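Notes follow the structure.
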There are 2 protein chains.
Amino acid sequence: MDLTSRPPRADASRNRNHLLATARTMLTDHGPDRITMDALADCSGLGKGTVFRHFGTRSGIFQALLDDNERAFQEGVLSGPPPLGPGASPRERLIAYGQARIRFLLEHHDIARAALDGRQPAPAGSATPLSRIHIRMLLTQLDLGPVDLDLLAIQLTAALDGPLLLYLSKSELDATTCPTEQRLTTGWQNLIHRICHP
Amino acid sequence: MDLTSRPPRADASRNRNHLLATARTMLTDHGPDRITMDALADCSGLGKGTVFRHFGTRSGIFQALLDDNERAFQEGVLSGPPPLGPGASPRERLIAYGQARIRFLLEHHDIARAALDGRQPAPAGSATPLSRIHIRMLLTQLDLGPVDLDLLAIQLTAALDGPLLLYLSKSELDATTCPTEQRLTTGWQNLIHRICHP
DNA sequence: GCAGTAAACGGACTTCACCCCGCTTACATT
DNA sequence: AATGTAAGCGGGGTGAAGTCCGTTTACTGC
């Protein structure tokens, strides 16, 4: 498959893991704002250039952390038990996927937000493509007449991620007065029902 | 109404206008990337502190430019002829609003993108609130049973703005092979039909 | 006009993301 | 083991965002 590219050097992957671990420690200790390229370099005892080599940009750090967290989530989507995994109807899976993603994004909210990059076109390194592709796939199975499925998938991805990542501030999401997660999940379910029914 | 706050000082509003005019010139001459706080200060002959006083952040400049452009658009929405303005059915108005906003965002794409701020919760200073509130208002008139209208309005706002501002790259939007505006407009219309029908 | 004051101005200063490039080191080959 | 080399490492350098605070200036009441 990749005969051209060689496996990463031992010190490289060791340093990468060490950087991610250090970043997690800093995150739980002081929150995302205090994670700067210099600070991460200092705390890990490595050079600044090394940090950039591994993550490219500041938000790249958070994208890597998010990727890490997302592995289990992806597993559940691709080969876990229904309705999230294969086996249920596409509509059920779509609803379950939204619910799972809402939970995931709420749980890792600070990382997900920090992974956004103003200059980048699409949010969240490899995270969002999964959403888009998976939703696209489930829509195909739904047999909605002659529709621009690519665009609909993007619209639904935006409707799912947008509120959590862009439109609702942290204080609004933390509002314990109304159960946010429940509200978002129900809203998503409602949206899918309306999309599917006619 | 605002007895507490006094009108802005003459020099302040003069400088503000001058800064916006300078920013527009720089924008058409060199594109958005070359607009930095220092550059704008130098080109306008004012101090950097003044630029920050007026716009707060770099993206604030673009938000102000967008606000400026949006005045005519808002006028059309609030008191122009139907179906964009009042007079048509809420469903027609919702579709017309989407179409108008898509056109607006495509026309001012570079400004709108630059107005996004990674660290800020909601995109586009006062622009998006209008979308959200207007959509919310039209949804109310639609008599969709017992639905969380606030959330639905946010979801639809995200579905409308997201593709243009976040998910589609500039090259994808410029694709002259398929008429992007037509595609987006049709997609929005389809979405609204599905939301409304049942 | 004139003094008082709150707002606006300006630019030096700090911090941070990101670049660059000479140096070092892991791995392959013999 | 010795050697070649490409990948990885390090940290000083640069440009731009955003802060601070002393100075200046437009308005207010006399």
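Only this structure's heavy atoms are used, side chains among them; waters, hydrogens and symmetry mates stay out. Letters A, B, ... are given to chains in the order of the sequence lines, protein chains preceding strands, and every chain is numbered from 1. Since this is a predicted model, take the numbers as computed values, not measurements.
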**Study point:** Pairs satisfying side-chain hydrogen bond (donor to acceptor under 3.5 Å, both in side chains), at least one member in residues 30-55 of chain B, at least two apart
**Key:**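 Sorted result for residues 30-55 of chain B: B/D38-B/K48.
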Check your understanding: Can you tell me if A/R103 uses its side chain to pair, donor with acceptor, with the backbone of A/T185 under 3.5 Å?
Key ->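 A pair under 3.5 Å: no.
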Side-chain N or O of [X] versus OP1/OP2 of [N]: is the shortest distance under 4.0 Å?
X     : N      : answer
A/T57 : C/dA17 : no
B/R53 : C/dA8  : yes
B/T50 : C/dA8  : no

Check your understanding: Do B/R58 and D/dA17 have a side chain to base donor-acceptor pair shorter than 3.5 Å?
Key ->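 By the distance-only test, no, there is no pair.
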Review point. Would you call the rings of A/H134 and A/Y97 parallel, tilted or perpendicular if under 30° counts as parallel and over 60° as perpendicular?
Key: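 Correct class here is tilted.
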Could you tell me the separation between the [atom1] atom of [X] and the [atom2] atom of [N], rounded to a whole number of Å?
X     : N      : atom1 : atom2 : value
A/D11 : D/dG8  : CG    : P     : 8 Å
A/K48 : C/dC20 : NZ    : C1'   : 11 Å
A/H54 : D/dA7  : NE2   : P     : 14 Å
B/F55 : C/dA8  : CZ    : P     : 13 Å
B/R9  : C/dA6  : CZ    : P     : 13 Å

**Study point:** Selection from D/dT28, D/dC27, D/dG8 that lies nearest to any side-chain heavy atom of B/R6
**Key:**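 Taking heavy atoms from C-beta onward, the closest nucleotide is D/dT28.
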**Study point:** Interface residues of residues 13-47 of chain A with DNA chain D (non-hydrogen, below 4.0 angstrom)
**Key:**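 Residues of residues 13-47 of chain A under 4.0 Å from DNA chain D: A/N15, A/L46, A/G47.
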Check your understanding: How close do B/A158 and A/P163 get, heavy atom to heavy atom, and via which atoms?
Key ->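 Nearest heavy atoms, B/A158 then A/P163: CB-CD, 4.4 Å.
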Check your understanding: If you draw a 6.0 Å radius around CD in A/Q141, do more than 12 non-hydrogen atoms from other residues or ligands fall strictly inside?
Key ->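 Above 12, so yes.
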Check your understanding: Hey, what do you get for CD1 (B/I35) to CZ (B/R24), rounding to the nearest 0.5 Å?
Key ->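 Here the interatomic distance stands at 10.0 Å.
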